[in-house]
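In what follows, every chain begins at residue 1, and chains take the letters A, B, ... in the order their sequences are listed.
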Protein chains: 2
Amino acid sequence: MPEPVPELCRRIRQNELFSHLYMERQTTIKDIAVALRLSKSTVSRALRDAPDIKIETKKAVKALAEELDYQPNKLALSLLNRQTHTIGVIIPNLDYVLSTMVKGIDEVALEAGYTVMVCQSDESFGREIVNTKRLLESLVDGFIVSVSSETKVFEHIKKIQNKKIPLVLFDRVVNHISCPSVRLDNIAGGVLATQHLVDQGYKRIAILAGPENLNISNKRMEGYLQTLKLNGLRPDKRMIIHCDFNQQYAYEATKELLAMKQPPDAIFTISDRMAIGAMLAIKEKGLQMPDDIGLVGFNNEPVTSLVSPSISSVEMYAFEMGKATAKLFIEMLNSDDTMAHQEIVIKPKLFIRESSKRIITKKDRNNSA
Amino acid sequence: MPEPVPELCRRIRQNELFSHLYMERQTTIKDIAVALRLSKSTVSRALRDAPDIKIETKKAVKALAEELDYQPNKLALSLLNRQTHTIGVIIPNLDYVLSTMVKGIDEVALEAGYTVMVCQSDESFGREIVNTKRLLESLVDGFIVSVSSETKVFEHIKKIQNKKIPLVLFDRVVNHISCPSVRLDNIAGGVLATQHLVDQGYKRIAILAGPENLNISNKRMEGYLQTLKLNGLRPDKRMIIHCDFNQQYAYEATKELLAMKQPPDAIFTISDRMAIGAMLAIKEKGLQMPDDIGLVGFNNEPVTSLVSPSISSVEMYAFEMGKATAKLFIEMLNSDDTMAHQEIVIKPKLFIRESSKRIITKKDRNNSA
DNA sequence: TCTTTTCCGTTTAACGGTTAATATTACACC
DNA sequence: GGTGTAATATTAACCGTTAAACGGAAAAGA
């Protein structure tokens with residue numbers, strides 16, 4: 001005949017029985033079941049307040065669970081429910097913009113009960129493939145991806161979609177892939193920067209664009225071209241330089257630009273890193289910003305306001321973008337029907353600083369003209 | 001009577017049978033077993049090249065596995081083997097130094113077959129606790145932790161240890177906790193910076209230290225104090241400012257320093273962010289670096305060579321530190337005995353730049369004296 | 001012919017949890 | 001005394017995998 005439950009609990013609490021339960025292994029439902037002479041399922045249901053368990057039993061189970069610091073094994077649950085509450089995040093690197101975005105993703109995910117696994121592809125297509133494979137194996141509940149600049153083939157992304165695994169693209173969105181996404185209005189960013197330079201009276205505006213196949217770079221350039229045309233300025237191919245997202249390349253490209261017969265009187269770089277590179281070359285040449293030459297960057301990294309002269313830059317709200325991405329992702333998870341692929345587009349804003357702000361205002365310029 | 005295996009394979013390949021296997025669900029070992037009229041475990045052993053399976057059988061199994069894109073379910077394996085091949089990484093934020101370290105950790109972990117889960121505490125004690133709990137629930141195989149600046153109580157860390165879960169601390173190491181760790185020789189860093197300033201002829205050297213309870217900050221200060229004494233300079237309490245790791249605070253603190261009757265003629269900041277803040281205040285005051293005042297930062301962030309004047313800084317080899325940490329961690333996992341807690345200490349190196357390099361060399365100074 | 005070995009597989013249990021179907025018990029009612 | 005019905009607990013199956021123990025048949029040895 002089994003002992004009465006309260007007495008048993010007392011003995012367990014006082015460690016007279018089952019002292020092995022206090023060992024290294026995590027307590028399981030089975031331990032509690034054995035201790036209280038109940039079946040596994042009774043314990044399970046008691047913990048989850050099922051209606052058909054006696055109140056006394058529930059109390060005893062819960063007390064012992066508390067006592068033994070019982071915690072359900074997530075692995076077992078995941079196996080059963082086919083979900084891991086984990087989001088796989090693939091990003092090309094951990095630079096300022098992306099780590100800020102990850103921060104945003106992390107924050108929202110945490111709140112929604114998800115843990116993120118961040119993998120960096122390091123701008124390498126090969127590593128992106130490996131990361132994708134890894135995360136697929138890890139059975140993440142879904143993917144949040146920003147592709148590397150090397151990525152020109154998207155089979156690995158399509159594989160995710162074929163398996164009907166939720167996917168959100170962000171920042172570096174891919175046109176060939178149709179899925180929910182969050183991105184900056186890069187054209188608008190290009191327009192903002194270029195129009196500002198035009199407004200400040202610059203006439204020969206060069207652009208340091210990123211790698212040729214990178215969508216975000218091309219869109220920013222599109223904005224640049226549109227704005228030139230709109231203002232009656234003829235785009236000049238020699239003023240358009242493609243180079244890696246890299247300070248060194250930007251430095252060298254700028255040096256070449258400045259060595260031209262008719263050098264530019266303003267430069268728009270599609271990242272702040274590149275703006276810094278450009279700035280070094282400009283200073284080396286002995287030119288003054290904003291008088292001799294104007295400079296506008298992109299991303300609005302803190303460094304832009306730290307250097308001298310401070311650099312005008314286009315803010316892309318990376319943190320908010322990260323949050324929006326995670327929110328969209330979670331929304332998608334919760335809507336069981338395959339969601340119409342929503343596209344969230346963030347509007348950029350230009351922060352004007354010393355590098356491009358000539359003293360003359362628009363009005364002044366009109367008067368003097 | 002069961003059909004001969006090759007014939008069966010053919011039919012499966014041609015989708016005559018079991019077309020449901022081509023459905024959304026991942027193929028399992030059971031699917032293969034049913035298809036080939038074998039038992040689950042035979043399939044399992046065939047896939048793993050167990051010796052007591054007929055070669056023909058193995059071939060058939062492997063062929064079908066390939067065909068159906070079979071991939072073992074990690075969750076099931078983890079449940080069985082009690083290991084998830086996942087490392088929980090807790091860091092206070094994703095600034096330049098830490099993201100570089102995470103890059104290093106990630107690289108080594110990936111190679112060793114581990115995936116990392118990065119959680120940011122955002123310098124908040126509360127979030128650090130939450131993160132720890134989450135990762136414990138996720139049953140990570142171990143922890144790599146750098147504590148937040150708010151953390152003064154370490155019960156959550158001890159809890160990890162009590163559960164005998166492998167733990168490595170890095171960068172912000174905690175004295176009260178005895179475990180393998182990787183950190184910078186912060187005292188040496190403080191010595192390098194201070195001795196350099198002394199060598200350059202600066203006499204009244206101030207220090208912008210970080211939060212009071214932050215070990216790394218205090219150690220750097222210790223190096224500073226030691227060096228002053230060694231060189232016969234008397235430390236002055238008014239020259240020691242504790243403030244948050246934050247550019248704004250550093251800016252204000254520097255303004256106050258410079259407003260003193262006897263202001264410092266050099267400032268050592270224990271981060272580059274703070275150095276930038278200090279620099280802004282110095283420029284605002286109209287002082288010239290390095291002539292009127294010297295400045296040395298810490299971390300050797302890229303920004304130090306981008307600003308003008310460029311800032312001398314102590315390099316802490318963040319990427320290598322990250323790699324070393326992950327290596328130590330994996331080594332620990334593989335050595336089943338509780339490892340004697342190894343402590344890896346990285347030696348810093350000073351990079352001298354414009355902000356502190358007076359033209360005079362040591363020899364010049366001796367001559368003129 | 002009977003036992004032993006070898007070969008090739010299968011069965012079972014386990015990991016830790018949930019859940020649907022099934023007992024068991026007690027009590028009221030006819 | 002049977003029957004119906006709550007109330008409560010148990011069994012067994014399942015998620016996907018592996019490891020240990022066991023099984024059956026054929027070949028080899030006595």
Chemist: In chain order, what residues pass the ring-ring contact (aromatic ring centres under 6.0 Å, His included) check against A/Y114, with sequence neighbours excluded?
Modeler: A/H85
Chemist: Could you tell me how far apart B/L36 (CG) and C/dT10 (C1') are, to the nearest whole angstrom?
Modeler: 15 Å
Chemist: Check this one for me: any side-chain N or O of A/R37 less than 4.0 Å away from OP1 or OP2 of D/dA9?
Modeler: no
Chemist: Between B/K54 and C/dG9, is there a side-chain N or O to OP1/OP2 distance below 4.0 Å?
Modeler: yes
Chemist: If you round to the nearest 0.5 Å, how far is OG of B/S99 from CD1 of B/I91?
Modeler: 7.5 Å
Chemist: Using the C1' atoms of five pairs at each end, what's the angle between the two axes of the helix from C/dT1-D/dA30 to C/dC30-D/dG1, to 10 degrees?
Modeler: 90°
Chemist: Name the residue closer to the 5' end of DNA chain D, choosing between A/P51 and B/L75 according to the nucleotide with the nearest heavy atom.
Modeler: A/P51
Chemist: Locate the shortest heavy-atom distance separating B/I105 from B/G322; write the atom from each residue and the value.
Modeler: CG1-O, 3.4 Å
Chemist: Could you tell me how far apart A/I55 (CD1) and D/dA7 (C1') are, to the nearest whole angstrom?
Modeler: 12 Å
Chemist: Could you measure the distance from the CZ atom of B/R134 to the CD atom of B/E137? Nearest 0.5 Å is fine.
Modeler: 7.0 Å
Chemist: Any idea which heavy atoms bring A/H176 and A/F154 closest together, and the distance?
Modeler: CD2-CE1, 3.4 Å
Chemist: In Å, rounded to the nearest 0.5 Å, how long is the span from CZ of A/R45 to CD1 of A/I29?
Modeler: 11.5 Å
Chemist: Take the protein atom CD of A/Q83 and the nucleotide atom P of D/dC15, then report the distance between them rounded to whole Å.
Modeler: 16 Å
Chemist: May I ask you to test the A/I344-A/F170 pair for a side-chain heavy-atom distance under 4.5 Å?
Modeler: no
Chemist: Dump every N/O contact between nucleotides 17-21 of chain C and the protein below 3.5 Å, one line per pair.
Modeler:
{"unit_1": "C/dG17", "atom_1": "OP1", "unit_2": "A/Y70", "atom_2": "OH", "d": "3.1"}
{"unit_1": "C/dG17", "atom_1": "OP1", "unit_2": "A/N73", "atom_2": "N", "d": "2.9"}
{"unit_1": "C/dG17", "atom_1": "OP2", "unit_2": "A/I29", "atom_2": "N", "d": "2.7"}
{"unit_1": "C/dG17", "atom_1": "O5'", "unit_2": "A/Y70", "atom_2": "OH", "d": "3.4"}
{"unit_1": "C/dG17", "atom_1": "N7", "unit_2": "A/K40", "atom_2": "NZ", "d": "3.2"}
{"unit_1": "C/dG17", "atom_1": "O6", "unit_2": "A/K40", "atom_2": "NZ", "d": "3.0"}
{"unit_1": "C/dT18", "atom_1": "OP1", "unit_2": "A/R48", "atom_2": "NE", "d": "3.4"}
{"unit_1": "C/dT18", "atom_1": "OP2", "unit_2": "A/S44", "atom_2": "OG", "d": "2.6"}
{"unit_1": "C/dT19", "atom_1": "OP2", "unit_2": "A/R48", "atom_2": "NH1", "d": "3.0"}

Chemist: Go nucleotide by nucleotide along DNA chain C from the 5' end; which of B/L79 and B/I53 gets its closest nucleotide reached first?
Modeler: B/I53
Chemist: Passes salt bridge (Lys or Arg N to Asp or Glu O under 4.0 Å), A/K323 versus A/E111? Steps please.
Modeler: CA-CA 11 Å; A/K323 295 215 309 196; A/E111 202 152 328; over 6 Å; no
Chemist: Would you name the heavy atoms of A/T115 and B/M117 that are closest together and state the gap between them?
Modeler: CG2-CE, 3.6 Å
Chemist: For C/dG16 and B/R82 - does any side-chain N or O of the residue sit under 4.0 Å from the phosphate oxygens OP1/OP2?
Modeler: yes
Chemist: In this structure, how many angstroms lie between the P atom of D/dA9 and the CG atom of A/D49, rounded?
Modeler: 13 Å
